[in-house]
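A short worksheet on the structure shown next.
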Amino acid sequence: MRAGGFPEEQVRARARTGAAEAFPPVESYGHEVFGQNSSGAQVAADELDAARLVPPVFMPLRLEKLIDLGREPLQSDVDLTTAVGGFTSALPVFLSAFGSTRIGSSEVSVAASRQAGALGIPMVIGENVVPVTGYRREPAATTGMLARVRAYLDEAGPSLGGVVVQQSTEDADAEVWNLVYSDPAAEPLLASGRLGFELKVGQGAKPGLGGLTVLDRDTAARVSDQFAIDDLWSGPGVLRSGSPGTFTDEILRQQIRFMRNNFPRARIWVKLHPGRDVAQAAACAWEAGADAVTVDGAEGGTGWAPRAFLDHVGLPLAECLRRIGTPSGCLLATGRMWEGGRAVKALALGATAVGLGRAALTAVDTDPEHGLRRLVECLAFEVQLLTSALGKYTPAALSGEDVWFPGRSGAADPAPRHRESLT
Amino acid sequence: MEHATSVVVEPAADRRPPPLAEHLNSDTTRAAMLIQQEVLGAARAFLRGEGFVELLPPVIGPVTDPGARGSKQVDVDYYGHKYKVMSSGILYKQASLLTFDKLFYIAPNVRAEPVETCNTQRHLAEFHQIDVEIANGTRADAMGVAERLLTYVVRHALTAVPEQFELLGRDPLAFAWLLAGQFGVLSHREAVDELHLLGHPQSPDAEIAWTGEELLSRQKDRPFFVTDYPKGSRGFYDRESTTEPGRLRNFDLLAPEGYGELVSGSERESDYATIVTRMRETGENPAKYRWYLDVMRQGVPRSAGFGMGLERLNRFLTGLDAVWQVNAYPKVPGEMAP
């Protein structure tokens, strides 16, 4: 597995050694001089990476914590427990759906599920898993949807986390939600309030397009009435394109209400692509009762997408967060998340939690047993360090005042509302 | 076979059906089936008397009623294509308006209801409906037929087999109010307000939950209609109000004493473009419904209609605790039964 254009080596190092990677090698302690960019980071990949976290000198919230504790607070006093889309998560982090069809339903994803359960963070299962792998196959199957749910529950505690099952237009034929909701295997999740359904409106890697898959010619011929088929390559494979589905504000509102009506015991999530009207779409979803709205920045995605889309289409995550401003519901952010700095910036700009996609895959690919756990432990340690440095002790207390964008006049204004600091 | 002169009716609320042989050999089942026979005969006599024609609906098709509330459709492999077992006859009822203006089915339907419904005492995965459709009918027309049908059937059954009611310990006085006058009507909004006054949570945007329906039903002494459900709570075929967008021109008929919903009905969407849009709003893929959309595009009359749950009606009539007691071969959601 290769993940190009992504800090792959750094993620793999974290998957091997965990929180130690939050620092330069300990052997160099006392022997070398460090400064900016000594971590090996190159030119910032996007606006969010280019922004800086800016701790103040005066910290009234630290004083509150000092009074509360009766001693000076430390980074270990930052409480990372977060309400994420109707679930209680141990961290402001969740496991995103894996866009890659082949990987999303493989044993790698089962290993990721096990670790997400142990970490107590919510996990999203992609819309491609059931149509490709099938739902049940055999009861003892070691891959696919049910294997992932089982792996998650085997490691999860009694109350943290949750499992969110995606469905898109293509998937509506597979009726995944109905399958899951009426399956006795889902009962432990329902009984503990830890089942969610995510309506996939779009994704960051290819805004405005539906699923793209390469199929052999025979299989493609069988589905040619449901999908667009393009014969692009000399080999045996042809391109199969699914419909992204049609949305208007009324269609989105009613689909969410219909989900709430039909699946009253499930939490309802909505995943949006980084469209120019992302703020209106998110507001519409929250108003209709969505428990969470995920915004997938154009830099995100484990999926396979046309080059023109990777290079030219969709808003970056920072601009999505700016357009949404102060969210009126639970906002989740995805798009090249892997370490604490970017995560804390997204949280400060309005997100309640961040999703790990490519980074999680890379970590599990590095070490199937412990890779994701180590990656997340390192990220959690950094979030505690950074949050306490900003004089705050919960992720929810982070706000726009904590972020400075180079070149933006009035940025990191001491005014506490982040909407103003962004304009 | 000797029949008992009185039946000890066991409370079924906390138990599931016994093995089939025991169920079939029970005096309770026998009494319930004799009452059901009168219901079926009376329903046919009444509807034919009002000018309805009985048709037999298909068992499988490429698509069926998408339903609501989380029930799953059952697939069959049909020459390599995925077909569905009918979850209701709604799509075929609308198409059949090309044949007759007033028609009905009495047919089995299959819905793999969520396992949680096994405790409602009124869900079966396999059940029967009396399905009625009226070309150029209004909601008021459909409500009128449902009310007269229920009244006729109850009156007939009480007269025809009073001894079976006695065997089951069902007091005919339970139906005195039903037979005495018009059914009440309240809007979904009023029903939500009433539940809130009773201290019961209920979303104003959603279907009334099972527990809420039962609670409302316990407050009443005769059947009553609930109308104007919000969009988002029902399928794409229930027509949206033109004067009150967001409200559907539909209704449920609920039995009193906690027995709850007996009938769901509505005026239908018949405009092709509206149906396609409503399909998207209910998360459906219009491509699945090609044959139906082709028919709608050619044009069918506007209509109104309803489905009356046969087992739910029989449970109300017999006063039995659970709906499985009035089905000869009951399939409780989530349980494997012959």
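Every value quoted in this text rests on a predicted model; they were computed, and no experiment measured them.
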Can you tell me how far CE of B:Met279 sits from CD1 of A:Ile251, rounded to the nearest 0.5 angstrom?
12.5 Å
For B:Glu190, I'd like to know if atom CD has over 12 heavy atoms of other residues, nucleotides or ligands within 6.0 Å.
yes
Can you tell me how far CZ of B:Arg278 sits from CD of A:Glu250, rounded to the nearest 0.5 angstrom?
9.0 Å
Could you grab the distance from atom CZ of A:Arg260 to atom OG of B:Ser233, nearest 0.5 Å is fine?
11.5 Å
Taking atom CZ of A:Arg217 as the centre, report whether more than 12 heavy atoms of other residues, nucleotides or ligands fall under 6.0 Å from it.
yes
From A:Thr246 atom OG1 to B:Asn285 atom CG, the distance as rounded to the nearest 0.5 Å
9.5 Å
Please determine if B:Glu281 and A:Arg257 form a salt bridge, counting it only when a charged side-chain N lies under 4.0 Å from a carboxylate O.
no
Within-4.5 Å side-chain heavy-atom neighbours: B:Lys72 and A:Leu179
yes
Where do A:Ser182 and B:Ala112 come nearest, in terms of heavy atoms and distance?
CB-O, 3.9 Å
Does A:Asn261 reach the main-chain N or O of B:Glu207 with its side chain, forming a donor-acceptor pair under 3.5 Å?
yes
Among A:Gln255, A:Glu187, A:Met259, A:Arg265, which residue has the highest count of heavy-atom pairs closer than 4.5 Å to chain B?
A:Gln255
CZ of B:Arg247: more than 12 outside heavy atoms within 6.0 angstrom?
yes
Nearest 0.5 Å please: distance from the CZ atom of B:Arg111 over to the CG atom of A:Asn178.
12.0 Å
Separation between CD1 (A:Ile256) and CG (B:Asp205), nearest 0.5 Å, reads 11.5 Å
4.5 Å side-chain heavy-atom contact, B:Arg280 and A:Phe247:
yes
